[in-house]
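All remarks here apply to the structure that follows.
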4 protein chains.
Amino acid sequence: MREQQMLDAAVRTFGRRGYMAASMDEIAELAGVSKPLVYLYLNSKEDLFTACIRREADALTRAVRAGVRPDLPADRRLWDGLLAFFAHTGEHPDAWSVLHLQARTHGEPFAAEVAAMRTEIVAFVTGLVVVAAREAHSDPDLPEDEVAGLAEALVGAAESLAAWANATPGVTARQAAATLMNFAWAGLGDLMRGNRWTPPPEAPQGRGEPRA
Amino acid sequence: MREQQMLDAAVRTFGRRGYMAASMDEIAELAGVSKPLVYLYLNSKEDLFTACIRREADALTRAVRAGVRPDLPADRRLWDGLLAFFAHTGEHPDAWSVLHLQARTHGEPFAAEVAAMRTEIVAFVTGLVVVAAREAHSDPDLPEDEVAGLAEALVGAAESLAAWANATPGVTARQAAATLMNFAWAGLGDLMRGNRWTPPPEAPQGRGEPRA
Amino acid sequence: MREQQMLDAAVRTFGRRGYMAASMDEIAELAGVSKPLVYLYLNSKEDLFTACIRREADALTRAVRAGVRPDLPADRRLWDGLLAFFAHTGEHPDAWSVLHLQARTHGEPFAAEVAAMRTEIVAFVTGLVVVAAREAHSDPDLPEDEVAGLAEALVGAAESLAAWANATPGVTARQAAATLMNFAWAGLGDLMRGNRWTPPPEAPQGRGEPRA
Amino acid sequence: MREQQMLDAAVRTFGRRGYMAASMDEIAELAGVSKPLVYLYLNSKEDLFTACIRREADALTRAVRAGVRPDLPADRRLWDGLLAFFAHTGEHPDAWSVLHLQARTHGEPFAAEVAAMRTEIVAFVTGLVVVAAREAHSDPDLPEDEVAGLAEALVGAAESLAAWANATPGVTARQAAATLMNFAWAGLGDLMRGNRWTPPPEAPQGRGEPRA
DNA sequence: TATGAATGAGTGTTCATTCAT
DNA sequence: AATGAATGAACACTCATTCAT
C-alpha cells in the first residue's frame with residue numbers, strides 16, 4: 001500500500017535526521033510521491049511522526065512476543081525475548097532510533113506514545129523477574145519497589161546494548177543477548193538468595209560522598 | 001565570565017527544547033546578551049551546542065572522578081562512582097538531557113563528542129570490572145569482548161536509571177545506586193566465579209528463534 | 001439540473017467565505033458531487049464565479065422588473081422597484097454578498113460583470129427620474145450629468161440600505177423602501193422645482209476647503 | 001519611517017489585489033524590503049491588514065473632521081464634510097478600496113474595525129440631520145429610527161458616489177458633493193416640513209408586491 | 001457520465017546568520 | 001566590545017487543477 005511506502009520513508013528519514021531536521025519534502029521524495037499526497041494520507045508532520053512511532057512500537061513488541069513461548073521456563077523466556085529484541089533492533093536501526101531517541105526528545109505527545117510501549121515491555125520483564133523469584137523460593141518476596149527498579153535497569157541495559165550492538169561491527173544479537181543474560185540472570189539469582197551488597201552508611205557531613 | 005552565562009542559557013534551552021527547537025534568540029535573551037554577541041563568542045549554533053556538550057561532559061566526568069577514592073576497594077569505588085553519577089545527573093537535568101538525549105539525536109558531530117565521554121566512563125567501569133575479577137581470582141581471565149559488553153550494559157543501565165530517577169519523584173540518588181549495585185555486583189561476582197547461564201543451541205533452521 | 005445545484009452551492013460558499021477563501025472542495029461537497037464534475041460543467045474557479053455572478057445578477061434584475069408595472073406613475077414604479085429590490089436581497093443574502101461585495105473585490109473580470117447589471121439598474125432609475133422631471137414640468141430639463149449622478153446616488157443608497165437592512169434585525173423590506181422613498185422622492189421633487197442648494201464659491205487659494 | 005513605507009505598500013497591494021490575493025512577498029518587494037522585515041514590524045498578514053485599516057480609517061476621519069468648521073451652519077458643515085470626504089477618497093483610491101471593499105469582505109475582525117469608523121461618520125451625519133431638523137423648526141421631531149435610516153442612506157449614497165467619482169473620469173470631488181448635497185438637503189428639508197411620500201397599502205395577499 | 005487519486009505551484013511564517021555602527 | 005537592523009533560505013501546509021479509469 002502507498003501508505004506503507006510513506007511510513008517506510010518517514011521512519012528512515014526521522015531515524016536518520018531527527019524529527020525536526022527531517023523535511024516533509026525529503027520524506028515525500030524518498031517515498032517517491034508528491035508532498036500533498038503525504039498530507040492526504042497522514043495529516044501533518046506530527047501525525048506522520050506519531051504514525052511512525054505507533055507502527056514501529058507495534059512491530060517491536062510483536063517481534064518480542066513472537067519470540068517467546070509461554071510454556072518455557074522463565075530464564076528461557078527472558079533469553080528468547082532478548083534475542084528477539086536485539087534481532088529486531090539490529091535489523092531496523094532507523095526504527096529503533098525513532099523509538100529510542102527521536103520520540104523521547106520531542107515533547108510529551110511523542111514521548112507518551114513510546115512510553116506506553118516501554119511500559120508494556122517493562123511489565124513483561126517484571127513478570128519474568130517475579131516468576132524467577134518464586135522459582136528460586138526467594139523466601140521473603142522482593143519488595144515491589146526493588147522489582148520495578150530491577151526491571152528498569154534490565155530494560156535500560158538492553159536498550160543501551162542494542163545501540164551498542166548496532167554501532168559495533170561484529171556484535172551479533174546472540175552475543176548481545178548472552179552478555180546481558182549472563183550478567184542479569186546471575187545477579188537476579190543472587191538477589192533472590194538474599195545476597196545483597198550492603199552500602200556504606202550515609203556520610204554524616206561535609207565530605208564522604210561526592211559533593212553533588 | 002560572559003561566556004559561561006551564555007553556555008548556561010544554552011544548556012538550559014537545548015536541554016528543555018531540544019537542539020533544533022531551541023532558537024538563538026531565546027538563548028541570547030535568556031543569557032541577557034544580544035544575539036551577535038553570542039556569535040562573537042561561539043561561532044555558530046553548531047559550535048555553541050558542541051561547547052555545551054563538551055562543558056557538561058567534562059563536568060560530569062569530573063564529578064564522577066571526584067566521588068571516587070582510588071585507595072578504596074573496587075566495589076566501594078563502583079558504589080561511589082554510581083552515587084556521584086546519579087547525584088550529578090539529578091542536579092543538572094538539563095545538562096543530562098543535552099548529553100543523553102539531544103547530543104545523540106542530532107548527527108555525527110555531536111554524537112561523537114558525547115561518545116568520547118562515554119568511552120571514558122566505560123573505561124573507568126571496565127577497569128573496575130577487571131580489578132574485581134582479579135580480586136575474585138577469576139582463574140581464566142574474562143575475555144575482553146565480554147568485559148566490554150558488561151561495562152556497556154552497566155553504563156546503559158545506569159543511564160537508564162538516571163532518567164528514571166529524574167522522572168520518578170521520591171527516588172534518590174542513593175536508591176538508584178543501591179538498586180543498580182545490588183543487581184550488578186552480584187551478577188559480576190557470579191560471573192567471576194564462572195557461573196554462567198548457558199544459552200540453548202542456535203536454532204538449526206527455519207523456526208526456533210524469531211526470524212526477524 | 002445538476003448544474004443548478006453546483007451554482008447554488010457555489011453562491012452560498014462564495015457569499016459566505018469570499019471568493020478566494022472558498023475552496024472548490026467545499027463547493028463540490030456542498031453540492032453533493034465530485035470535484036472533477038464541477039470542472040466538467042464549469043471550467044475553472046473563475047468561470048464558476050462568473051457564472052454565479054451572471055445568474056444572480058439576472059435573478060435580481062428580473063425580480064426588480066417583475067415588481068414594477070409600467071402603467072403606474074413614476075413614483076409608484078420607483079416604490080415597487082425598491083420594494084422588490086429589498087425583498088430579493090433580503091431573501092438571498094449570499095447572492096447579494098456575491099454581487100455587492102465579492103464580485104467587486106476581486107479584479108476587473110468580475111467587477112465588469114456586475115457593473116453591467118448595475119448599469120441596467122441605474123438606467124432604469126434614470127428613466128424614472130427623467131419621467132418624474134417631465135411630469136413635474138421641470139422647465140429647464142435637468143442636465144444629463146446631474147441625472148446620472150442622482151441615479152447613482154439613489155442606487156448607492158439603496159445598496160447600502162440593503163446591507164443595513166440585512167444586518168439590522170427587525171428592519172423589513174417595506175421599512176427600508178419607505179425610508180429611502182421618503183428621502184429620495186422629496187429631494188427629487190424639490191430638485192425638479194429648481195430648488196437647489198447653492199455651494200459656496202470655490203476657495204480661491206491655500207485654505208477654505210480642506211486641501212487633502 | 002520604514003514602517004510607513006511598508007504600510008503604504010500594503011495598502012496599495014491590498015487595495016488593488018484584495019486581502020487574500022495580496023501576497024506578503026509582493027508587499028515586501030513593493031516596499032523595497034525583505035519579507036522577514038515586514039514580519040518584524042507587523043507580526044502577521046492579519047496584523048498588517050488591521051494596521052492598514054486602522055491607519056486609513058484614521059486618516060479619512062481626520063480629513064473629514066479637518067474639513068468641517070463647527071461654527072458654520074449645519075448645511076455648510078455637511079457640504080464641507082462631503083467635499084473633504086470625496087477629496088480624500090479620490091486622492092487615496094487604494095485606501096478607499098481597503099476600507100470600503102476589502103475590509104468588509106474578509107471576516108469579523110476586519111469588518112468590525114471599519115464598522116467603528118463608519119459608526120463615527122454616521123453619528124456625525126446624524127448629528128447634522130438632527131440640527132438641521134431643529135433649525136427647520138420641524139415641529140414633530142423626527143423619530144429616531146427614521147433619522148438612523150436617513151443617515152445610513154446618506155452615508156451609503158456618499159460611499160457609492162465616491163466609487164463612482166473615482167471610476168468616472170472628469171467627475172470632481174466638488175461635483176460629487178454638489179450632486180449629493182442637492183439631492184439630500186432638499187429631501188431632508190421636505191421631510192422636516194412633514195412632506196412625506198405615502199406608500200400604498202400593503203398588498204393583501206398572493207400578488208401585488210413582487211413574490212421575492 | 002463521473003470519480004478516486006494525484007500534483008505543481010505557491011502561501012504565510014521562521015530562523016540562523018551578518019552587516020553598519 | 002557590543003548591538004539594532006536586516007535578510008536568504010527554508011519549512012509546513014494548501015489548493016486549483018488534471019489524469020487514468
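Convention: sequence-line order gives letters A, B, ...; per-chain numbering from 1.
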NZ or CZ of B:K45 within 45° of B:Y19 ring axis and under 6.0 Å: yes
Verdict with supporting geometry, D:I27 and D:F14, side chain to side chain contact (heavy atoms under 4.5 Å, CB included): CA-CA 9 Å; D:I27 292 171; D:F14 284 137; 3.8 Å; yes
Reading 5' to 3' through nucleotides 13-21 of chain E, protein heavy-atom contacts under 4.0 Å coded B for base, S for sugar-phosphate only, - for none: BBBSBB---
Any C:R2 side-chain N or O less than 4.0 Å from OP1/OP2 of E:dT1: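 For E:dT1, OP1/OP2 do not have a side-chain N/O of C:R2 under 4.0 Å.
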OP1 or OP2 of F:dA5 under 4.0 Å from side-chain N/O of D:Y41: no
Pairs involving residues 30-42 of chain B, ordered by first then second residue, that meet side-chain hydrogen bond (donor to acceptor under 3.5 Å, both in side chains) (sequence neighbours left out):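 Residue pairs passing side-chain hydrogen bond (donor to acceptor under 3.5 Å, both in side chains), neighbours aside: B:D25-B:K35.
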Are the side chains of [X] and [Y] in touch, meaning some heavy atoms are under 4.5 Å apart?
X: C:R55; Y: C:V11; result: yes
X: C:L42; Y: C:F49; result: no
X: D:T13; Y: D:D94; result: no
X: C:R16; Y: C:S97; result: no

Between [N] atom [atom2] and [X] atom [atom1], what is the distance in whole Å?
X: C:E26; N: F:dT14; atom1: CD; atom2: P; result: 14 Å
X: C:I27; N: F:dA16; atom1: CD1; atom2: P; result: 8 Å
X: A:M1; N: E:dG4; atom1: CE; atom2: C1'; result: 13 Å
X: D:L40; N: F:dG4; atom1: CG; atom2: P; result: 12 Å

Residue list, side-chain hydrogen bond (donor to acceptor under 3.5 Å, both in side chains) with C:R12, at least two apart or on another chain: none
CZ (A:R17) with more than 12 external heavy atoms under 6.0 Å: no
B:R104, CZ: over 12 other non-hydrogen atoms inside 6.0 angstrom: yes
Closest non-hydrogen atom pair between C:A162 and C:W96, with its separation: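 Scanning both residues, the minimum pair turns out to be CB-NE1, 3.9 Å.
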Atom pair CG/CD of A:D8 and A:E3 - distance to nearest 0.5 Å: 11.0 Å
Atom pair CG/NE2 of B:L60 and B:H88 - distance to nearest 0.5 Å: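 So the CG of B:L60 and the NE2 of B:H88 are separated by 5.0 Å.
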Close approaches to DNA chain F from residues 3-11 of chain A, in residue order (heavy atom, under 4.0 Å): none
Paired stretches of DNA chain E - 3 or more consecutive Watson-Crick or G-U pairs, each distance under 3.5 Å: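 The stems that DNA chain E takes part in, listed by first number, are E:2-21 with F:2-21.
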Sub-4.0 Å heavy-atom contacts from residues 49-56 of chain D onto DNA chain E, ordered by number: none
